[in-house]
2 protein chains.
Amino acid sequence: MAATGPLADDDARTLHQQVLARLRENILLGRIEPGQALTIRGLAAELGVSAMPVREALRQLVAERALELMDNRRVRIPPMTIERFEDLIAARIVLEAEAAARAMPYVTDALIARLEAEDVAINAAVAERDYDRWIGANYAFHSALYGAAGQSAFLPLIESLWLQVGPFLRRAIRTISGHYTVDRHSEALAALRRRDTMALRIAIEADIRDGIAHIGSTLIRSEALGATVVQGTLRPSTSSG
Amino acid sequence: MAATGPLADDDARTLHQQVLARLRENILLGRIEPGQALTIRGLAAELGVSAMPVREALRQLVAERALELMDNRRVRIPPMTIERFEDLIAARIVLEAEAAARAMPYVTDALIARLEAEDVAINAAVAERDYDRWIGANYAFHSALYGAAGQSAFLPLIESLWLQVGPFLRRAIRTISGHYTVDRHSEALAALRRRDTMALRIAIEADIRDGIAHIGSTLIRSEALGATVVQGTLRPSTSSG
DNA sequence: CATGCCGCCATGTGATCACAATTTTGCGCC
DNA sequence: GGCGCAAAATTGTGATCACATGGCGGCATG
């Protein structure tokens with residue numbers, strides 16, 4: 001469930017890199033439920049490898065804050081709180097707005113065309129209620145924009161933030177089920193065509209904030225933020241008050 | 001040299017956590033020269049542990065971008081370029097200014113007193129040309145401020161940035177040797193006492209930018225940015241032009 | 001029937017080993 | 001003396017094993 005099948009065996013990368021990529025994708029797309037058991041041996045068996053590469057991948061994901069090391073030395077998707085969620089969104093806004101602005105000098109017509117294609121894919125995914133494709137294309141859109149200038153120190157930081165909100169985005173999106181229709185990407189694309197950096201900043205910030213405003217309030221109302229952890233065992237969150 | 005001696009054996013943490021903390025400190029304080037050989041077995045021997053904890057610590061530092069995985073699968077301090085340096089500084093500014101602003105509601109008189117103490121330590125370190133204590137106290141100052149609200153998603157991102165600039169700050173500081181006397185921390189402290197969030201943002205940004213402006217130009221002029229890597233072997237950078 | 005205790009099983013940590021790839025070294029040749 | 005090639009040493013990767021810790025269920029007891 002967490003890993004969905006063994007790895008391909010014709011991959012030049014090291015096993016730990018393949019395991020890492022698989023787990024990272026599953027976390028980013030929200031395929032791993034918060035609270036789901038993530039054991040080294042279990043994942044190793046699912047992926048058809050030994051414990052070694054899994055250990056290293058988990059360690060790396062802990063470093064990226066996609067996973068959290070608990071006191072009993074197990075790892076889990078970190079529980080979400082309102083405060084942490086707002087922290088993550090605030091960090092996304094300042095980092096991604098700046099990253100977008102810094103990418104502007106490197107924006108070409110080819111890049112804009114690529115982003116337009118991603119936008120089409122995003123809208124198609126929304127129409128089909130295909131969550132995986134939606135968040136995947138959405139990530140591709142943002143990532144392609146921020147990476148226009150080549151490798152940047154911003155990218156890994158932003159990816160870390162996406163990994164941290166991913167699991168909860170999915171849960172939230174499910175509850176509001178396709179209610180996310182505000183298309184701020186077209187505003188961003190318009191700003192890109194005009195090479196208007198300030199408008200781009202505003203569009204990116206609005207994209208994050210508007211998408212999140214719905215989700216955040218939904219999370220608060222439906223208390224879908226996460227389960228309550230009692231002595232290391234995960235139980236369904238009780239409806240308080 | 002890289003690890004400076006074996007670990008204490010009365011530490012409740014896991015070995016890999018101790019190794020990680022040691023290496024992280026050495027990188028942050030710039031004790032590890034860019035290009036210095038970092039081998040698993042070598043570090044393990046220095047620290048008096050087996051290869052296992054070292055492997056996991058290195059993996060984690062790679063994830064934090066403090067180290068870089070090369071094509072030949074060895075790790076190194078990533079080489080610095082002007083572009084990357086400016087990227088890192090830009091990221092530091094937006095993240096730390098925002099983190100400081102978000103910490104403001106949690107600022108207490110006790111925290112201010114603690115920051116003042118750190119400021120004294122910083123100035124003492126500058127006076128004594130004690131680089132380790134200088135950057136250590138400097139980090140403590142910033143970290144205490146940003147962490148006022150408790151654990152925040154900003155902190156690990158900021159720490160990653162510090163780890164990336166650490167090794168080169170030291171090299172640069174050595175060349176300009178104590179020329180860093182602009183005391184923006186007192187401005188930050190004044191803003192904190194007045195609970196003036198905007199002034200705090202400005203002071204933090206000025207602290208980073210001014211400190212870096214000197215260093216960056218020095219780096220460019222003296223070409224102290226890093227060594228040129230040829231086929232994985234490190235050689236002194238040639239003076240170009 | 002509820003509760004506390006004990007033993008078993010699962011899990012993370014760390015060490016060691018085997019192996020392939022890469023780097024270094026040393027030797028012979030030009 | 002410089003250069004190229006082959007052997008040896010070094011290194012990262014992955015697997016397996018031993019061990020301590022903690023979680024869990026079964027069992028006896030009140």
Side-chain angles (χ1 to χ4, degrees), chain A residues 1-3 6-23 35-63 67-77 227-235, chain B residues 1-3 6-23 32 35-63 67-77 227 229-235:
Chain A
M1 175 77 91
L7 299 172
D9 56 345
D10 59 343
D11 199 318
R13 294 176 298 176
T14 62
L15 278 181
H16 114 261
Q17 286 170 328
Q18 299 177 51
V19 173
L20 176 62
R22 177 76 69 94
L23 291 178
Q36 180 172 345
L38 289 178
T39 65
I40 294 176
R41 288 175 174 85
L43 290 172
E46 274 190 76
L47 296 166
V49 298
S50 81
M52 204 73 234
V54 177
R55 282 171 67 169
E56 307 200 55
L58 289 182
R59 211 56 93 181
Q60 191 145 351
L61 289 167
V62 168
L67 297 176
E68 180 187 56
L69 194 58
M70 300 163 59
D71 285 341
N72 55 6
R73 296 177 174 176
R74 284 196 171 85
V75 301
R76 64 172 173 186
I77 303 272
T228 307
V229 174
V230 180
Q231 291 184 348
T233 308
L234 237 129
R235 316 188 174 191
Chain B
M1 175 75 92
L7 298 171
D9 54 347
D10 59 344
D11 200 318
R13 294 176 299 176
T14 62
L15 279 181
H16 113 261
Q17 286 171 328
Q18 300 178 50
V19 172
L20 177 63
R22 177 75 70 94
L23 291 178
I32 299 184
Q36 179 173 344
L38 288 177
T39 65
I40 294 176
R41 288 175 175 84
L43 290 172
E46 275 189 76
L47 296 166
V49 298
S50 82
M52 204 72 233
V54 177
R55 282 172 67 170
E56 307 201 55
L58 289 182
R59 210 58 88 184
Q60 191 144 352
L61 289 167
V62 168
L67 298 176
E68 180 188 56
L69 194 58
M70 300 163 61
D71 286 340
N72 54 9
R73 297 178 174 175
R74 285 198 171 84
V75 301
R76 63 171 174 187
I77 303 271
V229 174
V230 180
Q231 291 183 349
T233 307
L234 237 130
R235 313 185 177 197

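Just so it is clear: chains get the letters A, B, ... in the order the sequence lines come, proteins before strands, and each one is counted from 1. The model shown is predicted, which means the values in this text are computed figures rather than measured ones. Only this structure's heavy atoms are used, side chains among them; waters, hydrogens and symmetry mates stay out.
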- Audit row: B/Val75, B/Arg59, side-chain contact (heavy atoms from CB on, under 4.5 Å) steps and yes/no: CA-CA 9 Å; B/Val75 301; B/Arg59 210 58 88 184; 5.9 Å; no
- Tell me what A/Arg59 touches on the nucleic acid: a base, only sugar-phosphate, or nothing, going by heavy atoms under 4.0 Å.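 The residue A/Arg59 makes sugar-phosphate contact but no base contact.
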- By nearest nucleotide on DNA chain D, pick out whichever of B/Leu58 and A/Pro53 is the more 5' one.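 With B/Leu58 and A/Pro53 compared, the 5'-side residue is B/Leu58.
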- Quick one: on DNA chain D, does A/Arg73 or A/Ala51 contact a more 5' nucleotide (nearest heavy atom)?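 Closest to the 5' end, via its nearest nucleotide, is A/Ala51.
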[X] [atom1] - [N] [atom2] separation (whole Å):
{"X": "B/Glu56", "N": "C/dG12", "atom1": "CD", "atom2": "C1'", "result": "9 Å"}
{"X": "B/Arg76", "N": "D/dT11", "atom1": "CZ", "atom2": "C1'", "result": "17 Å"}
{"X": "A/Met52", "N": "D/dC17", "atom1": "CE", "atom2": "C1'", "result": "13 Å"}
{"X": "A/Met70", "N": "C/dT11", "atom1": "CE", "atom2": "P", "result": "14 Å"}
{"X": "A/Gln17", "N": "D/dT13", "atom1": "CD", "atom2": "P", "result": "8 Å"}
{"X": "B/Leu20", "N": "C/dT13", "atom1": "CG", "atom2": "P", "result": "13 Å"}
{"X": "A/Leu69", "N": "C/dT11", "atom1": "CG", "atom2": "P", "result": "16 Å"}
{"X": "B/Asn72", "N": "C/dT24", "atom1": "CG", "atom2": "C1'", "result": "14 Å"}

Would you mind telling me which of [options] lies closest to the side-chain atoms of [X]?
{"X": "B/Arg41", "options": "C/dG14, C/dA18, D/dT16", "result": "C/dA18"}
{"X": "B/Ile40", "options": "D/dA18, D/dA15, D/dT13", "result": "D/dT13"}
{"X": "B/Arg74", "options": "D/dT13, C/dG12, C/dT22", "result": "C/dT22"}
{"X": "A/Leu15", "options": "C/dG12, D/dT11, D/dG14", "result": "D/dG14"}

- Assign each of B/Ser50 and A/Gly42 to its nearest nucleotide of DNA chain C by heavy atoms, then name whichever residue's nucleotide is nearer the 5' end.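 Checking each residue's closest nucleotide, the 5'-ward one belongs to A/Gly42.
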- Query: Quick one: the side chain of A/Arg55 and the base of C/dG14, do they pair up donor-acceptor inside 3.5 Å?
  - Reply: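 Yes, a donor-acceptor pair under 3.5 Å.
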- Message: side-chain contact (heavy atoms from CB on, under 4.5 Å), that's the test. Do A/Thr14 and A/Glu56 meet it? Break it down for me.
- Response: CA-CA 11 Å; A/Thr14 62; A/Glu56 307 200 55; over 6 Å; no
- Name the one of A/Val49, A/Val19, A/Val54 that satisfies side-chain contact (heavy atoms from CB on, under 4.5 Å) with A/Leu43?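 That would be A/Val54.
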- Message: Under the criterion side-chain contact (heavy atoms from CB on, under 4.5 Å), I'd like the reasoning laid out for B/Met52 against A/Met52: C-alpha separation, chi angles, the key distance, then a yes or no.
- Response: CA-CA 10 Å; B/Met52 204 72 233; A/Met52 204 73 234; 2.4 Å; yes
- Query: Which value, rounded to the nearest 0.5 Å, describes the distance between A/Arg41 atom CZ and A/Arg55 atom CZ?
  - Reply: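 Between A/Arg41 CZ and A/Arg55 CZ, I get 9.0 Å after rounding to 0.5 Å.
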